[in-house]
There are 4 protein chains.
Amino acid sequence: MPVKKDIEEARRRQILDAAEKVFVKRGIDKARMDDIVQESGLSKGALYWYFKSKDAIVSALVGHVLISEMREAEALVHADGSATERLKLFIEYAVWEYKRFEKVLPLAYEFVAHAARSKVVRETVILYFNRYKDILAQVIQQGIDSGEFQPRDPDTVAMSIISMYEGMAMLWFIEPNLVDWDRMGAEPIDIMLGGLSVEKR
Amino acid sequence: MPVKKDIEEARRRQILDAAEKVFVKRGIDKARMDDIVQESGLSKGALYWYFKSKDAIVSALVGHVLISEMREAEALVHADGSATERLKLFIEYAVWEYKRFEKVLPLAYEFVAHAARSKVVRETVILYFNRYKDILAQVIQQGIDSGEFQPRDPDTVAMSIISMYEGMAMLWFIEPNLVDWDRMGAEPIDIMLGGLSVEKR
Amino acid sequence: MPVKKDIEEARRRQILDAAEKVFVKRGIDKARMDDIVQESGLSKGALYWYFKSKDAIVSALVGHVLISEMREAEALVHADGSATERLKLFIEYAVWEYKRFEKVLPLAYEFVAHAARSKVVRETVILYFNRYKDILAQVIQQGIDSGEFQPRDPDTVAMSIISMYEGMAMLWFIEPNLVDWDRMGAEPIDIMLGGLSVEKR
Amino acid sequence: MPVKKDIEEARRRQILDAAEKVFVKRGIDKARMDDIVQESGLSKGALYWYFKSKDAIVSALVGHVLISEMREAEALVHADGSATERLKLFIEYAVWEYKRFEKVLPLAYEFVAHAARSKVVRETVILYFNRYKDILAQVIQQGIDSGEFQPRDPDTVAMSIISMYEGMAMLWFIEPNLVDWDRMGAEPIDIMLGGLSVEKR
DNA sequence: TATGAATGAGTCTTCATTCAT
DNA sequence: CATGAATGAAGACTCATTCAT
């Protein structure tokens, strides 16, 4: 009877979608279960049927939000072209992703804050960043192997790039005017890659 | 009668110090006024005598935490040495600052999340980053003027560096193992400066 | 499903009855929600489920108390007998009502004071007095039409009578000894009707 | 050293005047001592120096407000003219007084409500109405003695008239449109006096 | 499964009163 | 006499969670 499973899955998504909207609008702590009830169109009892608590919804949502688009990113590792080209492509994609997530970004930083206090949430977030780092590190390793890049620790370089764009997203979220994505999308990674390259620029 | 002013200032600090501890321990939203009362050793009424509301404490604290050490940073702009040297010094200082703020970092990310919903908090945070950016941009401009650096937009470069270290701090806060400050402190800025330099490395 | 409606209505009454008792005992401002909770036997949450705030309870109660017996009064307009007889009957009824409301009278004057500051309460109170006035004015008009009374403005006369008995109730509430209802019930209206009559007394 | 006494008296008045304004604006229960502090221009400590508590201020104010103009009224008892004329004069004066007290009326009804719960306040209010009644009763007795009025109980008649105008003031306070003083000032007493007169109208 | 009425511990905030200076 | 900082009990309201139907 997969129908039952389907309904169950649909309900869960319905709740998480509603929760996402509400959390973004009011912040996780300020959000009330009743808000989610209203937004989801379900009943209070239904929420508690599918999720044990508000915290359970938060935890489920972290995975839902952070992990969802990782697969597409992974594809880039195996794409054609030089490491430099592919890293630029990757950043281009990531920036596009950030823009797409604009509405959800407040949530991301609440997750980060939550991570300090919830083991489950923290582990999900860490998992996400590790995957992200691994993807980048692979490409960088390929660049080193091919003689394109100086021999640096791939993880350190990967984390530098991730940090830069995560930080950028954070600043952009605080004040959009601080970050001009058209400029910030390309120039920083250019400089980085320039600094990484074995060639004279 | 500066004594009165002094007492007033002392009380405010007393309250903010207590609030900081409590906010770090429990998170801003979960923190109760009573926690701050207990931690501060003052009475409920005293808190409300000096601060109109919990929110006012949060706002005041943002300034207190973010701005406090900015002056030392500003000094570096006028220090001796090449732009490269001074930027490295700056980062070194910033990293040391991050380490020092370790206990308060969770707060920083709650501030970020709060910034989305509180005009006052947002403006304080923006002010902080703009000052931070201006300091860096000045040094970079000096480097460009002296022929040390390629002619890039100083603001963009400054924001890239800030983003990188802010992002790093965020990742480190989530999972200390993700960031090895000994490595991450020096290497990323090395790469960046390499990419910025007009010389062959 | 009228059962649900019935329960809802029953709960509201339960709350209003409790609130009435508490307000009489302690005064509206001094009354605590917890008093009403205890008196009603319901929970705090239940009160707030049915009424948005303490003020909402006050407002609802004004209507409940003031309007409740108006219908019986209205019947007198269409009763048999001369206008004089019916007015006397009306007063007799009203006085009996006052006595019956003895316990609630303090409330009435708090309502009056409240009326100065709450639009909702004021409108309910005004509505009540207007209905009251209309009833009396109708009977007086009938008396004028039948040649029983001098041609006076019915509204003015009606308000005079209402004022007299409202004022009396107020004085009686302040100090029962000031008002001897056996005397004050009959004599004032006698004088009034005498002054109104076209006949020599 | 009457200066000291004078200052003391001045301070008391200063406080009562401020309290009156505040009570009218916010209601007795909602009024804060701090409001009175601000309005009076004195300090918190000063208020408590001159009055033991907020309640003491209320009590003192009742007398201050209700009794203040009674003397002028008393003069009318010994004026020239028929009882009818003097009663009309009295009402005219009273109506003018009401208008003058417009700003303070809300207070009056809070006093009434307070009277239910404070012995001191109640006694002051009773005293006021008794004096008021005595004045009227004297004039009415004079009218009876002179053969102008039917022989009725002067107290009952006096209370009827007082009730009427007190009630009118109350209704007017609730909703000014309910009471047209130009009409209500003269007509009701006319009817009353007509009903009281031994003459055919 | 689903509903939504009911619960009550928990929270912020207010404000009359006190008292050291 | 006067000040105003400090107190803390009290009170309105919220909201995650439960459970009878």
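- Nucleotide dT14(F) has dA9(E) as its partner under the Watson-Crick or G-U criteria, with both atom distances under 3.5 Å.
- Two residues are said to be in side-chain contact when any heavy atoms from C-beta on lie closer than 4.5 Å; Ile15(A) and Leu42(A) meet this criterion.
- Dashed line: the shortest gap from a side-chain N or O of Lys54(D) to OP1 or OP2 of dA16(E) is under 4.0 Å.
- Comparing dA6(F), dT17(F), dA2(F) by their closest approach to the side chain of Ser43(B) singles out dA6(F).
- If you take CG of Asp34(C) and P of dT7(E), they are 14 Å apart, rounded to a whole angstrom.
- Not one side-chain nitrogen or oxygen of Arg11(D) sits closer than 4.0 Å to the OP1 or OP2 atom of dC1(F).
- Distance CG (Asp29(A)) to P (dC12(E)): 12 Å, rounded to an integer number of Å.
- Where Gly45(B) and Lys30(C) each meet DNA chain F at their nearest nucleotide, the meeting point lying more 5' is that of Gly45(B).
- Within 4.0 Å (heavy atoms only), Ala31(B) reaches sugar-phosphate atoms of the nucleic acid but no base atom.
- Each of Lys52(C) and Asp55(A) was assigned the nucleotide of DNA chain F with the nearest heavy atom; the assignment lying further toward the 5' end belongs to Lys52(C).
- Under the side-chain contact (heavy atoms from CB on, under 4.5 Å) test applied with Ile36(D), the options Asp17(D), Leu16(D), Val22(D) reduce to a single match, Val22(D).
- Between dG4(E) and Tyr48(A), no contact under 4.0 Å exists linking OP1 or OP2 to a side-chain N or O.
- Atom C1' of nucleotide dT13(E) and atom OH of Tyr50(B) are separated by 18 Å, given to the nearest angstrom.
- When the C1' atom of dC15(F) is taken as reference, atom CD1 of Ile36(A) falls 12 Å away, rounded to whole Å.
- Side chain of Ala46(D), nearest nucleotide from dC1(F), dT13(E), dT3(F): dT3(F).
- Following rounding to the nearest Å, Trp49(A) (CH2) and dT21(F) (P) show an atom-to-atom distance of 18 Å.
- Counting all heavy atoms, side chain and backbone alike, Tyr50(B) lies closest to Arg12(B) at O-NH1, 3.1 Å.
- In this structure, the CD1 atom of Ile7(B) is 14 Å from the P atom of dG4(F), given to the nearest Å.
- When all heavy atoms are compared, the tightest approach of Asp29(D) to Lys54(D) is O-NZ, 3.4 Å.
- A heavy-atom distance below 4.5 Å is found between the side chains of Glu39(D) and Lys25(D).
- A straight line from CG of Leu47(B) to C1' of dT11(E) spans 14 Å, rounded to a whole angstrom.
- Closest to the side chain of Met33(B), out of dC1(F), dC12(E), dA12(F), is dC12(E).
- Distance from the side chain of Lys44(B) is smallest for dT14(E) among the nucleotides dC1(F), dT14(E), dA6(F).
- Each of dT11(E), dA12(F), dA6(F) was ranked by its minimum atom distance to the side chain of Arg32(C); first place goes to dA12(F).
- Nucleotide dA20(E) forms a pair with dT3(F), judged by Watson-Crick or G-U wobble geometry with both contacts under 3.5 Å.
- When heavy atoms are screened at a 4.0 angstrom cut-off, Phe51(C) is found touching no nucleic acid atom at all.
- Across all their heavy atoms, Val37(D) and Lys44(D) have their closest contact at CG2-CA, 3.7 Å.
- One interatomic measurement links the two molecules: CZ of Arg26(C) to C1' of dA10(F), which rounds to 11 Å at whole-angstrom precision.
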